[in-house]
Protein chains: 2
Amino acid sequence: MSQTVDRALSILPLLAQGPADLGQVADRLGVHKSTALRLLRTLHEHGLVHRQQDQRYRLGARLFALAQEAVENLDVREIAHPHLTALNEEIGHTVHLAVYEENEVLYIDKVESRYPVRMYSRIGKPVAITVAAVAKLLLADLPEPERRAVAEKLDYPAYTSRSTPNAAAFLKELATVREQGWATDLGGHEESINCVGAPVRGTDGRAVAAMSVSAPNVVVTAEELLTLLPLVRRTADAISREYSGTAPVGTAPGTAASSTTVPSNTAPSTTVPSNTAPSTTVPVKDTSEG
Amino acid sequence: MSQTVDRALSILPLLAQGPADLGQVADRLGVHKSTALRLLRTLHEHGLVHRQQDQRYRLGARLFALAQEAVENLDVREIAHPHLTALNEEIGHTVHLAVYEENEVLYIDKVESRYPVRMYSRIGKPVAITVAAVAKLLLADLPEPERRAVAEKLDYPAYTSRSTPNAAAFLKELATVREQGWATDLGGHEESINCVGAPVRGTDGRAVAAMSVSAPNVVVTAEELLTLLPLVRRTADAISREYSGTAPVGTAPGTAASSTTVPSNTAPSTTVPSNTAPSTTVPVKDTSEG
DNA sequence: ATGGTCGTTGCAAATATTGCAACGACACTG
DNA sequence: CAGTGTCGTTGCAATATTTGCAACGACCAT
């Protein structure tokens, strides 16, 4: 609601795409050059933008530092990480951790299938919210009205023929996910990639994060991947327990009384979902690969 | 120089210390609650701050996404190139820039020597990973398990009698490189070619690239080439600084800074490895510039 | 029920921001 | 080498924007 700040902050995502000079910033902001200059100066004083030697602006070191602190404050990630790597070492596939925030789902951690690759590979980017397993899990957990509102505001890109086509289908899928407590993405984003995921829940039972395992068709079929579901759920539950148990309730003046209650079932169901097949038909009929 | 934006941006480092409610933000900003509220709202609309269930504000994940996007769009080569050419013009020898990717080290930029004798290398082609200075630098920076895994999977061709013979020798060399912060290739790839290199580091301290200076024996001896090491390291550090977006330290809120930003000089810590010399003792104290 | 805190909103005053025009610096071109 | 263009920068007046206040409703605790 503050025009000046609004304009200034609009510069950030603009510069995230790459360096830009004053004129470009002013144009894409729709303001006079002098205005853009003063805005950039303020941003610069705070270290959020950096001026390189060719006088062009780009995002500055301070922003990276802040981002660093921002993720460190997400203690879910710290708690989850060992579990993710353990799972990765057991099954070998790529493991993701994601959170929902402000109508977006963001990867906040990732363990590559090959080696413990650095965190800066893909995390931090918004996920394909209409198809990703983690996105389904997180959105399915939203209260009904918000869930509906978000679903109807989204675009539904047809990444593949299996992508979620529209809001109605998405909401139906979310209902299924909500009921069964896990989610899949079977070629919805990339034709040959399948995922299975499960939610991480806090003390109040709400999903604070979601994790998933991804593998290409050529390595494991969708059916084989679903075999790993119990393992995935067990890992997610383990993270949930540790997250809930630590009870990182800050200096909240007032509602500090929260019984350490594990939300749902603590009993890890070792049941292979072969018979527990989801209502939506599992398209294990591969197109090309066998 | 924009008060509104200045105040708004001051909220960010404030929230980086931990979640805070409206009153706390207003107090520590020195403004009325209503003002703080409107600023926070604007920040919120841009996803830079997030409101948790207890209505307190904390840094938003979008901040992280923003930084992530910026890093991905950062072009090391673009930033490094002017520095490389400058170095080349000063010393005349061939300068290389390389990155590590998928178990390979690739040259991504090269400034040719102005001497008639040139060495063979091609931008985009993998380097001799077991002997090249840039390869040593980049591999030395990998986490221990991955470093070991990569080293043991490599072939160790005997390009010359000085080539790295096996994984054990290579890992030992990498340990040395890791400790001293620079690397050499003394006739390990071609008998008559020597190189000295230094790493380019990002905000997180990781080596995002490595650069080296190469010269044939007939032009300069290995000892003479090592004389250039401080210059190489300084160049690499300069690139690192620019790549990281090092900006003048943010002024304290309320303290008005001078008109134009004074270029902060004095490199942080450019430790010249004078006495820390490895096998070959280099009598280097200082270079031309002071 | 009551007093306290906290977040939120409307409004008028006033401050801070905006756009303009002009300047100096620089690069490129004729 | 002058000329023309772009680019970043600054002072200034007009104005739009922000600000602080006071009051309201919600909530919690006493």
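Worth saying up front: this structure is predicted, and the values here are computed from it rather than measured.
- More than 12 non-hydrogen atoms from other residues, nucleotides or ligands lie less than 6.0 angstrom from CD of Gln52(B).
- Between Gln3(B) and dA16(C), a side-chain N or O to OP1/OP2 separation shorter than 4.0 Å is present.
- Contacts between residues 7-23 of chain A and DNA chain D, defined by a heavy-atom separation below 4.0 Å, involve Asp21(A), Leu22(A), Gly23(A), listed by number.
- Looking at heavy-atom distances under 4.0 Å, Thr4(A) makes contact with sugar-phosphate atoms alone, never a base.
- Counting to the nearest Å, the P atom of dG19(C) and the CG atom of Asp27(A) are 13 Å from each other.
- Counting heavy atoms of neighbouring residues, nucleotides and ligands inside a 6.0 Å radius, atom CD of Glu144(A) exceeds 12 of them.
- With hydrogens and angles disregarded, no donor-acceptor distance shorter than 3.5 Å links the side chain of Arg41(B) to the backbone of Met1(A).
- Tyr57(B) has its OH atom 11 Å from the C1' atom of dC6(C), to the nearest Å.
- Protein atom CE of Met1(A) is 19 Å distant from nucleotide atom P of dA16(D), rounded to whole Å.
- In this structure, His32(A) places its NE2 atom 12 Å from P of dA22(C), rounding to the nearest Å.
- At whole-Å resolution of the value, CZ in Arg56(A) and P in dC26(C) are 19 Å apart.
- In terms of modelled atom types and a separation under 3.5 Å, the side chain of Glu45(A) and the main chain of Thr42(A) share no donor-acceptor contact.
- Partners of Phe170(A) according to the ring pair (Phe, Tyr, Trp, His ring centres under 6.0 Å) rule, which considers only residues two or more places apart in sequence or in another chain, are Tyr156(A).
- For the pair Arg28(B) (side chain) and Leu14(B) (backbone), a donor-acceptor distance under 3.5 Å is absent.
- Within the structure, a side-chain polar atom (N or O) of Ser2(A) is placed less than 4.0 Å from OP1 or OP2 of dT18(D).
- A donor-acceptor pair under 3.5 Å is formed between the side chain of Thr164(A) and the backbone N or O of Thr130(A).
- Whole-Å rounding puts the Leu39(A) CG to dT17(C) P distance at 9 Å.
- Using a 4.0 Å heavy-atom criterion, one finds that Arg41(B) contacts the sugar-phosphate atoms exclusively.
- Arg38(A) contributes a side-chain N or O that forms a donor-acceptor pair with the base of dG19(C) under 3.5 Å.
- Checked by atom type and distance alone, the side chain of Asp21(B) never pairs as donor or acceptor with a backbone atom of Tyr57(B) at under 3.5 Å.
- Rounded to 10°, the angle separating the first-five-pair axis and the last-five-pair axis of the helix from dA1(C)-dT30(D) to dG30(C)-dC1(D) equals 30°.
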Go through it in stages, so that I can follow the logic: the residues are His46(A) and Arg62(A), the test is side chain to side chain contact (heavy atoms under 4.5 Å, CB included), and I'd like the CA-CA distance, side-chain angles, deciding distance and then a yes or no. CA-CA 7 Å; His46(A) 284 259; Arg62(A) 185 100 200 151; 5.8 Å; no
